[in-house]
There are 2 protein chains.
Amino acid sequence: MANQMTEMLKGTLEGIVLSILAERPAYGYEITARLREQGFADLVEGTVYALLVRIEQRGFVDVQKVPSEKGPPRKVYSVNAQGRDQLEEFWRTWSFLAERIEQLHRERN
Amino acid sequence: MANQMTEMLKGTLEGIVLSILAERPAYGYEITARLREQGFADLVEGTVYALLVRIEQRGFVDVQKVPSEKGPPRKVYSVNAQGRDQLEEFWRTWSFLAERIEQLHRERN
DNA sequence: CGTCGTACTTGGTGTTGCTATCTACCGGTA
DNA sequence: TACCGGTAGATAGCAACACCAAGTACGACG
């Protein structure tokens, strides 16, 4: 993955995944696949799985094991109340940062 | 510093500083002060100095020592051609990411 | 039985921002 | 003189996070 994107994903990927889960519950393999389709072509599975473990341990998501026809059982994640709070916090932080960066972008020559 | 902002700065702070230097050359203490005024209140000096060392070693900036009336000599940094390339790359990466995140933002309920 | 696609796990690495502390220079003040 | 605060920079150690690499597990299909 391009180094710059790798570094930029730190701190944003969690928000991205929480946001995806806020739309509707999903499991790791599915999330990875969707993100790859949406342009994050080089995103590696291990990253997403590790992130899911993290946000579960922090109590932002609930997990449900669902049997799959095509492989091992899926771990379907859904955001809970605490996760929604975290997501709101993410949007606040993002908005602040994006605003300042966009301002620098406009000021560039 | 809020944890979320800390993580989000990874990967963006370099672009922010390069962007500031692209407007006009500056030195570390000044850059830290300006960023703090602009809302990055908890940004620590050490972070900026370390970043400046990094981008100098990567050849993105040129340095000039300038005596100060109020303290030790300043190290004034200015972006060079390679730095401008890096900055362009930063804007491309940022635009891509921001677009996708804003889309998730709009889709939220 | 071997392979492919699905699905998840994990140990190690590199980058990066933060914490904390240090040095250095100057002016004002007790 | 001695001390303090503001200016200016450096750095060792830490934590978080994305990546890399390799592994396990399950079912279907040839």
Side-chain angles (χ1 to χ4, degrees), chain A residues 1-18 25-36 40-58 60-61 63-77 86 90 93 97, chain B residues 1-18 25-36 40-58 60-61 63-77 86 90 93 97:
Chain A
M1 196 145 197
N3 210 45
Q4 211 148 48
M5 183 57 89
T6 289
E7 292 307 321
M8 233 180 263
L9 282 178
K10 293 182 181 177
T12 54
L13 189 56
E14 182 185 304
I16 291 172
V17 169
L18 280 176
Y27 55 99
Y29 191 82
E30 179 191 3
I31 294 170
T32 307
R34 278 163 62 183
L35 286 174
R36 282 186 171 159
F40 299 98
D42 304 321
L43 184 67
V44 297
E45 285 184 82
T47 297
V48 173
Y49 287 120
L51 190 155
L52 289 170
V53 168
R54 250 170 17 233
I55 63 178
E56 182 191 352
Q57 282 171 351
R58 290 184 192 165
F60 300 151
V61 289
V63 193
Q64 201 186 353
K65 261 199 176 153
V66 177
S68 165
E69 309 150 0
K70 301 182 182 174
R74 299 167 173 166
K75 289 179 72 176
V76 175
Y77 294 84
Q86 176 75 3
F90 167 75
T93 308
L97 185 61
Chain B
M1 193 144 199
N3 211 43
Q4 209 149 52
M5 184 57 90
T6 290
E7 290 308 319
M8 236 181 262
L9 283 178
K10 294 181 181 178
T12 54
L13 189 56
E14 181 184 303
I16 290 172
V17 169
L18 281 176
Y27 56 98
Y29 190 82
E30 179 192 4
I31 294 170
T32 307
R34 279 164 59 184
L35 285 174
R36 281 186 172 159
F40 299 97
D42 304 321
L43 184 66
V44 297
E45 287 183 79
T47 297
V48 174
Y49 288 122
L51 189 154
L52 289 169
V53 167
R54 255 176 5 241
I55 62 178
E56 182 191 355
Q57 281 170 351
R58 291 186 191 163
F60 299 151
V61 289
V63 193
Q64 199 185 354
K65 261 201 177 151
V66 177
S68 164
E69 307 149 359
K70 301 183 182 175
R74 299 167 173 166
K75 288 179 73 175
V76 175
Y77 294 84
Q86 177 73 4
F90 168 75
T93 308
L97 185 61

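Below, chain A is the first sequence line, B the second, and so on; all start at residue 1.
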**Request:** Mind listing the closest non-hydrogen atom pair of G28(A) and V48(A) along with its distance?
**Result:**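 Shortest heavy-atom separation between G28(A) and V48(A) comes out as O-CG1, 4.0 Å.
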Separation of [N] [atom2] from [X] [atom1] (nearest whole Å):
{"X": "M8(B)", "N": "dT15(C)", "atom1": "CE", "atom2": "C1'", "value": "18 Å"}
{"X": "E56(A)", "N": "dT9(C)", "atom1": "CD", "atom2": "P", "value": "9 Å"}
{"X": "Q4(A)", "N": "dA18(D)", "atom1": "CD", "atom2": "P", "value": "16 Å"}
{"X": "I31(B)", "N": "dA8(D)", "atom1": "CD1", "atom2": "P", "value": "12 Å"}
{"X": "L13(A)", "N": "dA16(D)", "atom1": "CG", "atom2": "P", "value": "17 Å"}
{"X": "K10(A)", "N": "dT15(C)", "atom1": "NZ", "atom2": "P", "value": "9 Å"}
{"X": "K75(B)", "N": "dT23(C)", "atom1": "NZ", "atom2": "C1'", "value": "14 Å"}
{"X": "M5(A)", "N": "dT15(C)", "atom1": "CE", "atom2": "P", "value": "19 Å"}

**Which residue lies more 5' along DNA chain D, comparing E69(A) with G11(A) via nearest heavy atoms** = G11(A)
**Prompt:** 5'-most contact on DNA chain D: E14(A) or G71(A), nearest heavy atom basis?
**Reply:**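 Looking at the nearest nucleotide for each, E14(A) comes out on the 5' side.
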Side-chain touch [X]/[Y], heavy atoms, less than 4.5 angstrom:
{"X": "L35(A)", "Y": "L13(A)", "value": "yes"}
{"X": "L9(B)", "Y": "L43(B)", "value": "yes"}
{"X": "F40(A)", "Y": "L97(B)", "value": "yes"}
{"X": "V63(A)", "Y": "L52(A)", "value": "no"}
{"X": "Y77(B)", "Y": "Q64(B)", "value": "no"}
{"X": "Q4(B)", "Y": "E14(A)", "value": "yes"}

Does a side-chain N or O from [X] land closer than 4.0 Å to OP1 or OP2 of [N], or not?
{"X": "S68(B)", "N": "dA8(D)", "value": "yes"}
{"X": "Y29(B)", "N": "dG9(D)", "value": "no"}
{"X": "R58(A)", "N": "dC17(D)", "value": "yes"}
{"X": "Y27(A)", "N": "dC8(C)", "value": "no"}

**Request:** On DNA chain C, check which nucleotide each of E45(A) and K70(B) is closest to and give me the residue with the more 5' one.
**Result:** E45(A)
**Message:** Do the side chains of E69(A) and R74(A) get close enough for a salt bridge, i.e. N-O under 4.0 angstrom?
**Reply:**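 Result for this pair is no, no salt bridge flagged.
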**Message:** Under the rule for side-chain contact (heavy atoms from CB on, under 4.5 Å), what residues qualify as partners of R34(A), not counting sequence neighbours?
**Reply:**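 With sequence neighbours excluded, R34(A) shows a side-chain contact (heavy atoms from CB on, under 4.5 Å) to I20(A), R24(A), A26(A), E30(A), given in chain and number order.
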**Prompt:** Through what angle, rounded to 10 degrees, does the axis of the helix from dC1(C)-dG30(D) to dA30(C)-dT1(D) turn between its ends, using five pairs per end?
**Reply:**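 End axes: 20° apart.
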**Message:** Taking any heavy-atom pair under 4.0 Å as a contact, classify G46(B): base, sugar-phosphate, or nothing.
**Reply:** base
**Request:** Calculate, to the nearest 0.5 Å, the distance between atoms CZ and CG belonging to F90(B) and L18(B) respectively.
**Result:**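 Nearest 0.5 Å value for the CZ-CG distance: 8.5 Å.
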**Asked** Heavy atom of residues 47-54 of chain B under 4.0 Å from DNA chain D: which residues?
**Response** Y49(B)
